[in-house]
Colleague: 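Quick one: this structure, given as structure tokens, is what I'll be asking you about.
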Amino acid sequence: MPLGEFELIDRWFAHAGASRTDVVLGVGDDAALVAPPAGYELALAADTLVEGTHFPAGLDPAAIGHRVLAVNLSDLAAMGAEPAWALLTLTLPRTDEAWLAQFAHGLDTLARRTGTALVGGDTTAGPLVVTIAIAGLVPTGQALRRAGARAGDLVFVSGLPGEAAAGLGVLQGRLAGTAAAEAVVKARFLWPEPRLSLGVALRGLASACIDVSDGLAGDLGKLCAASGVGARIQAASLPVSAELAALAGPEAARLCLAGGDDYELLFTAPARHRDRIEALGGARISVIGEIVAGQGVVVEGLAGAPFDLGGYDHFRG
Ligand SMILES: [Mg+2]
């Protein structure tokens, strides 16, 4: 007999994630109770993954569990917040215990590693949709925002944007290369690493910050719009990895600019903070351009047709 809703929650999720002393009451009542510390603001975010839209059908359930938490943690990282409590809403076509065991393992592993307690949620029947709502903590007044970039600030990005989109391309059979290069980019799509410690370290250094979920250039456009400035990016400064270059060829720089699903941090800071930022460690950090007066994102030195911020959508056809 398939598991019922309450057995499902009890078996797989009642004890998932980190245990935190600030959880007064976790899974099992009508609502969870948590005790935020004095001197902090709550950073709240939610993200949904829909099978067939945000990930291909049949994806490794552990990777789905990891990704749905990782994309939420990435939003907290972009605010300079540390994760605390999460709610999970799971819509499943059926209660497949093997699938649930792997999904819960992927979610639980990342939650424990990042100090995130799973304090509640809901399960229901339907097409596969996973949603997490998350709460993080940031000292009052210290959150990073999209607004705050000023003309003359440098533009920084962590990691290797574009690899995740290439990984999705490999998973969907649209890109192919050596087994080693394919493994690197597939892992980037399946197991994104939220830049939590970088986000915290950027408090007081970065003037503005956003995480790269929809593509570096488009997300930089959002940061610029929020800050009331423009940006100039140098194509030669983009961190295109050897794997991405081998898989995507002449399209590599465009994939780096527009790929999406990277969950890296894109941020700005005055040039005087450059050395401190580059010494932070943990993730590769690249300076890719500068903030200018005006509006819009210009990419200089890109081979081929001019880069169209709105129109380029390589992987969505
Ligand atoms: Mg975001």
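Counting convention: from 1, in listed order, for ligands and their atoms alike. If you're wondering where the values come from, they're calculated on a predicted model, not measured in any experiment.
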Colleague: I'd like to check the salt bridge (Lys or Arg N to Asp or Glu O under 4.0 Å) partners of E290; sequence neighbours left out, ordered by chain and number.
Modeller: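 Checked E290 against salt bridge (Lys or Arg N to Asp or Glu O under 4.0 Å); matches are R232.
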Colleague: Determine, for D214 against K222, whether the closest basic-nitrogen to carboxylate-oxygen distance falls under 4.0 angstrom.
Modeller: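 K222 and D214: salt-bridged.
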Colleague: Can you tell me which N/O/S atom of D75 has the shortest distance to the Mg ion (ligand 1)?
Modeller: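 Atom name returned: OD1.
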Colleague: Would E243 and K186 pass as an ion pair if we require N to O under 4.0 Å?
Modeller: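 Not counted as a salt bridge, because no side-chain N and carboxylate O are separated by less than 4.0 Å.
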Colleague: Does D219 bring an N, O or S atom to under 2.8 Å of the Mg ion (ligand 1)?
Modeller: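 For D219, the answer is no, given that no N, O or S atom comes within less than 2.8 Å of the Mg ion (ligand 1).
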Colleague: With ring-ring contact (aromatic ring centres under 6.0 Å, His included) as the rule and sequence neighbours excluded, what pairs involving residues 22-61 come up?
Modeller: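 Not a single pair qualifies under ring-ring contact (aromatic ring centres under 6.0 Å, His included).
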Colleague: Of all N, O or S atoms in D211, identify the one at the shortest distance from the Mg ion (ligand 1).
Modeller: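 The Mg ion (ligand 1) is closest to the D211 atom OD1, counting only N, O or S.
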